[in-house]
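Quick note on labels: first sequence line is chain A, next is B, and so on, each numbered from 1.
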Amino acid sequence: MENLVNIFVRSVFIDNMVFAYFLGMCSYLAVSKTVKTSVGLGVAVVFVLTITVPVNYLIHNFLLKEGALTWLSRSFAGVDLGFLSFIMFIAVIASMVQLVEMVIEKFSPQLYSSLGIFLPLIAVNCAILGGSLFMVEREYANIGEATVFGFGSGVGFLLAIAGIAAIREKIQYSNVPAPLRGLGITFIITGLMGIAFMSFMGIKL
Amino acid sequence: MSTEKEREPLFSAKNLKLLREPLGENNPITVQVLGICSALAVTAKLKPSVVMAISVVVVLSVSNVIVSLFRKSVPPRIRIIFQLVVIAMMVILVDQVLKAFAFEVSKQLSVFVGLIITNCIIMGRLEGFAMANKPWESFLDGVGNAAGYGLILIIVGFFREFLGSGTVFGYPVIDKIGLYNIGYENNGFMILPPMALVTVGIIIWIQRSRNRNLVDKS
């Protein structure tokens, strides 16, 4: 349990998707004009990451990893399909997004209409594929840890995009130099937020 | 980029524009805001930035050509899946080549080679240009856009390595000049991830103050 809390805190604050690895930057910059839409996107990312990371964990450990196919037959012990992981992961993500979209539409039309266009767009969000690739690189011990990592990364993204949207709403009333307005100042604010997030470094529970 | 200049006479003015525009006034990173995701994390040193730039040039130009060749035979309904498969195939090839011939750098780049797949520049150019244009133009467009992306990557990588560790391509420039003896210190802050964002912010600032057309109206 302690271990899981630790992974959660790490993935939200220390290894934050946006500030430490610059993942999901495109949608982070494009959709952070108002708080309402950015929270919508953030929730959708949490949702999809929490589902795709464990699914990809299973695929990696039971299909692609070196020696992962031994549950089929002893003779597959030397087979390493690791080079297929990119294409498998992106296929899983695209189909999971489609699936999640259909499920939400059926059971909660209200949530569906508030997420709107963001759900399909998520398939090409780097944060989602990045979550799966980091899960492989960090070699989580079991599916529970992988799920918590996916959920935590999503929450970190939600936190970052909601924060920058709130700041951008306020900064409209400030006197920013004209060439820096819009994109430039957003980059610099993100840098400053990243520096603030670095103060969490080294925290361990 | 010197090779592009040598071959200039062969190109028509329109094709040349495809190559030149993304390098300056229509740069994918600073103007179109595409492909920042995998760009910034690799720029702490110059060498990984250069390798990353080359990989993106290869992936984008070849997949642009492939998609453009098949643009008439792929039904629009499945085009996204088709594009993803082409990109993923190219990225797998690049990844395997890097692992074989430049293992050190491939370790440094870690997951970011894989993240070229979801790099918005590539999807954006395939969808926006290659689906509607002939292979040769798509090739030039791919090279141009990826070079514009690589240009920013290399500028950021140069400044971060030079100011942060006092080296260029690992060669200790500042040490050789002798600046340390008169009390110069490396700015370790430049190596940290957030400074990549601030550096790009400053590049955007400089570019927009020189070219007023790009300034945000809002």
Side-chain angles (χ1 to χ4, degrees), chain A residues 16-30 33 83-91 93-95 120 123-138 172 176-198 201, chain B residues 29-31 33-43 80-81 83-85 87-89 91-93 95-96 99 110-124 189 192-212 214-218:
Chain A
N16 188 294
M17 279 285 178
V18 174
F19 297 129
Y21 297 104
F22 311 110
L23 295 179
M25 266 291 170
C26 304
S27 39
Y28 171 86
L29 291 170
K33 288 212 172 88
F83 63 91
L84 282 177
S85 60
F86 294 155
I87 212 162
M88 279 300 272
F89 286 175
I90 199 78
I93 289 167
S95 48
V124 286
N125 187 327
C126 348
I128 311 289
L129 182 62
S132 293
L133 293 176
F134 274 123
M135 173 272 298
V136 169
E137 194 175 86
R138 294 189 190 146
Q172 286 189 333
V176 180
L180 204 54
R181 224 166 267 170
L183 191 58
I185 195 71
T186 312
F187 266 98
I188 292 177
I189 293 170
T190 311
L192 294 177
M193 285 169 81
I195 293 171
F197 261 70
M198 283 175 59
M201 217 178 253
Chain B
I29 292 188
T30 60
V31 182
V33 211
L34 292 175
I36 298 148
C37 325
S38 59
L40 299 175
V42 299
T43 53
I80 301 269
I81 301 250
Q83 288 161 7
L84 273 178
V85 170
I87 301 169
M89 183 191 78
V91 171
I92 290 173
L93 282 179
D95 184 48
Q96 299 290 321
K99 270 187 188 146
S110 74
V111 301
F112 292 98
V113 178
L115 286 175
I116 297 177
I117 299 177
T118 48
N119 194 324
C120 341
I121 291 182
I122 299 186
M123 275 304 259
F189 216 52
L192 300 176
M195 289 313 285
L197 287 164
V198 177
T199 317
V200 175
I202 293 170
I203 292 177
I204 293 174
W205 189 2
I206 295 171
Q207 195 193 11
R208 290 194 178 180
S209 48
R210 293 181 61 174
N211 189 347
R212 289 277 161 182
L214 300 175
V215 174
D216 266 10
K217 299 291 176 304
S218 58

Non-hydrogen atoms of A:Gly191 and B:Pro194 that approach each other most closely: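 Minimum heavy-atom separation between A:Gly191 and B:Pro194: O-CB, 3.2 Å.
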
Under 4.5 Å from any heavy atom of chain B - which part of [X]:
{"X": "A:Met193", "result": "neither"}
{"X": "A:Leu129", "result": "both"}
{"X": "A:Phe19", "result": "backbone"}

Could you state the interatomic distance from [atom1] ([X]) to [atom2] ([Y]), rounded to the nearest 0.5 Å?
{"X": "A:Ile90", "Y": "B:Leu84", "atom1": "CD1", "atom2": "CG", "answer": "5.5 Å"}
{"X": "B:Trp205", "Y": "A:Ile185", "atom1": "CH2", "atom2": "CD1", "answer": "8.0 Å"}
{"X": "A:Ile195", "Y": "B:Leu192", "atom1": "CD1", "atom2": "CG", "answer": "8.0 Å"}

Hey, does [Y] have a side-chain heavy atom less than 4.5 Å from the side chain of [X]?
{"X": "B:Arg208", "Y": "A:Leu180", "answer": "no"}
{"X": "B:Val198", "Y": "A:Phe187", "answer": "no"}
{"X": "B:Ile92", "Y": "A:Ile87", "answer": "yes"}

Heavy-atom pairs under 4.5 Å with chain A, option from B:Ile202, B:Ile206, B:Val200 with the top count: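 Of B:Ile202, B:Ile206, B:Val200, B:Val200 has the most heavy-atom pairs under 4.5 Å with chain A.
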
